[in-house]
Chemist: 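Encoded as structure tokens, here's the structure I'll be asking about.
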Number of protein chains: 2
Amino acid sequence: MSQLYFKSSPTCEYCALSRNCTENINNTSAMQNVQVLTHKIYHKGDTLFCAGDAFNALYIMRSGSAKASATTIEADEQIVDFYFPGDLLGTDGFAQKQHAHNVSFLETSSVCYISVNSVNALLTHSELGRQQLLSNMSQNTLNQQQQLMNVHKMTSIQRLTSFLLDLSHRLAQRGLSSQQFTLSMTRIDIANYLGMAIETVSRLLTSMQQQRLIQVQRRHITLVNIPEMRKICLSDLLGQTEDESDGMQHAMLRSTTDYPLSSIGG
Amino acid sequence: MSQLYFKSSPTCEYCALSRNCTENINNTSAMQNVQVLTHKIYHKGDTLFCAGDAFNALYIMRSGSAKASATTIEADEQIVDFYFPGDLLGTDGFAQKQHAHNVSFLETSSVCYISVNSVNALLTHSELGRQQLLSNMSQNTLNQQQQLMNVHKMTSIQRLTSFLLDLSHRLAQRGLSSQQFTLSMTRIDIANYLGMAIETVSRLLTSMQQQRLIQVQRRHITLVNIPEMRKICLSDLLGQTEDESDGMQHAMLRSTTDYPLSSIGG
DNA sequence: CGTTATGTTGAACGTTTTCAATTCGTGTGG
DNA sequence: CCACACGAATTGAAAACGTTCAACATAACG
């Protein structure tokens, strides 16, 4: 009864409340207070919770993927995060005791359920649990700030490249291929998340393919030249200051009149 | 000895760990574990901590103001937050056990110091303390997301207006005038925070003054027409769909060729 | 009183958006 | 099984918003 469901879960190794979640619990008196973790399966388009819903639990993605979005007063949506197996979800509820986001699934997915009581028990009795939750929430803020920084300091090419690399990295962490993957989100989602027009996303993907940086076939993406993609994210002033002998390496950052990407610019 | 310093602090009523921080502590056994809170005075330009510094404590602003910034790989700065009396600071350290931000003061300021041990004690022994810290951290993330949303969905005029209104609101919460205040940050800071060029900030402030929305005299700002400013933040489609009989009310959102703000656009 | 940091203003340019027209894919119903 | 329809994605041309560059003004500070 007091055994945590995800103790034996195959995805537990990626669990956002850490790889040590089982030891974590076992080493404390929290077990008596922690309720049995249950999980549930959802399908594409299903919602886990909506903004305004009572904050009853945290969730951990076991499989699939999801997106979290906030709604502006003018009723348009802003996607604030994507979630993959192991990611912790729902901490937006701590602020107002009700959820601030809408979370919906991008494909068939399953999630663990951790009641707020369990969370409280964890915080009370486990030093590690405290650290993990606080670390996770702190990291959330840092990630959002990084995202904000990207919007402010990077061009759209850099942001999209950065997005793909980040996706690749997150999938690799979960034991999947870092070079080939299928996007579970639409271009619309990507554009919304990155704060650009879908047309821009489309154009950039096409251009990147022409540059032999990636291969695109609808939702299926292959990263062909990751080192070069990394350079693109870093480069900004580089593209302007270095001399022409550098060749086309930073073509996408240069004047739009010189290179294939010219179709992007005006 | 076990009495919290800020128990009698005049700023305690605005304290980020809630208005009830004293009751909070008194109602629990936390007092034995909580160390005496000390405070310290800093001057303009002083740094509280830097990215990479060990995470030893949280801080609460008692007076003055500060900014937190992150540094990109290319060494340029991104201001992620401004702090005013009562604000809780330093939770960025939970993620990696070291600080991720640089925090520096915009004017002479004083801050309370709360050691991580005290924080732990609070979390262990006080339900209210847990709620307050988690709520604060959750709210931080939501605020950053709001900021991100603003950058994505709002024009520069809307963002700057929103910034001024937010400032006004935060100062009002602290018992100061919501209509008249002195900016403790430079135009450079504002521009950096909002992700625009200083020239744009300057131009927009001038235009808003011409529109009789605000009065600007260097750092001193007077909000003249708050209701109209609120409208500007909300309006987006409005400015395009409503007919001309509406007069100049949404001038700043319209074509830049018609109105005083024309200097902003191309 | 001069030097430096901060702020303002103008004009040209560029990136990204918007509008508009197609194409592609997937699923639905005849 | 095909036709149809709808959403998703692509592509082009024009327009807008904000940036950049450059010159200048003003305040702060030693």
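In this text the structure is predicted, and so the values were computed from the model without any measurement.
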Chemist: Any chance you could lay out the side chain to side chain contact (heavy atoms under 4.5 Å, CB included) test for V80(B) and L148(A), step after step, and finish with the verdict?
Modeler: CA-CA 8 Å; V80(B) 293; L148(A) 193 63; 5.6 Å; no
Chemist: May I have the distance from I157(B) (atom CD1) to dT19(D) (atom C1'), rounded to whole angstrom?
Modeler: 15 Å
Chemist: Starting from the C-alpha separation in whole Å, work towards a yes-or-no answer on side chain to side chain contact (heavy atoms under 4.5 Å, CB included) for M196(B) and L204(B).
Modeler: CA-CA 11 Å; M196(B) 46 180 102; L204(B) 291 174; 4.2 Å; yes
Chemist: I'd like to know whether S104(B) forms a side-chain hydrogen bond (donor to acceptor under 3.5 Å, both in side chains) with T47(B), so could you lay out the CA-CA distance, the side-chain angles of the two residues, the decisive distance to 0.1 Å, and finally the verdict.
Modeler: CA-CA 4 Å; S104(B) 65; T47(B) 63; over 6 Å; no
Chemist: How far apart are the C-alpha atoms of I60(B) and Y113(B), what are their side-chain angles, what is the distance that settles it, and do they pass the side chain to side chain contact (heavy atoms under 4.5 Å, CB included) test?
Modeler: CA-CA 7 Å; I60(B) 296 173; Y113(B) 171 102; over 6 Å; no
Chemist: Classify the angle between the aromatic ring planes of Y193(B) and F163(B) as parallel (below 30°), tilted (30 to 60°) or perpendicular (above 60°).
Modeler: tilted
Chemist: For dT16(C), does OP1 or OP2 lie under 4.0 Å from any side-chain N or O of S156(A)?
Modeler: yes
Chemist: Any donor-acceptor pair under 3.5 Å linking the side-chain atoms of Q146(B) with those of N150(B)?
Modeler: yes
Chemist: Given D87(A), which of R170(A), R62(A), K67(A) fulfils the salt bridge (Lys or Arg N to Asp or Glu O under 4.0 Å) condition?
Modeler: R170(A)
Chemist: Determine to 10° how strongly the helix from dC1(C)-dG30(D) to dG30(C)-dC1(D) is bent, judged from the axes of its five-pair ends.
Modeler: 40°
Chemist: Rounded to the nearest Å, what distance is computed from the CD atom of residue Q209(A) to the C1' atom of nucleotide dT10(D)?
Modeler: 12 Å
Chemist: Let me know, please, whether K44(B) or E199(B) comes out on the 5' side of the other along DNA chain D by nearest nucleotide.
Modeler: E199(B)
Chemist: For H169(B), I'd like to know if atom NE2 has over 12 heavy atoms of other residues, nucleotides or ligands within 6.0 Å.
Modeler: no
Chemist: Compare the minimum distances between each of dG12(D), dT16(C), dG10(C) and the side chain of R203(B), then state the nucleotide with the smallest one.
Modeler: dG10(C)
Chemist: Which residues in residues 216-225 of chain B have at least one heavy atom lying under 4.0 Å from any atom of DNA chain C?
Modeler: R218(B), R219(B)
Chemist: Tell me: CG of L106(B) to P of dA5(C), nearest whole Å?
Modeler: 18 Å
Chemist: Between residues 185-198 of chain A and DNA chain D, which residues have a heavy-atom gap below 4.0 Å?
Modeler: T186(A), R187(A), I188(A)
Chemist: Could you tell me whether Y83(B) and Y59(B) have their ring centroids closer than 6.0 angstrom?
Modeler: no
Chemist: Rounding to an integer number of Å, can you tell me how far H152(B) NE2 sits from dT17(C) C1'?
Modeler: 14 Å
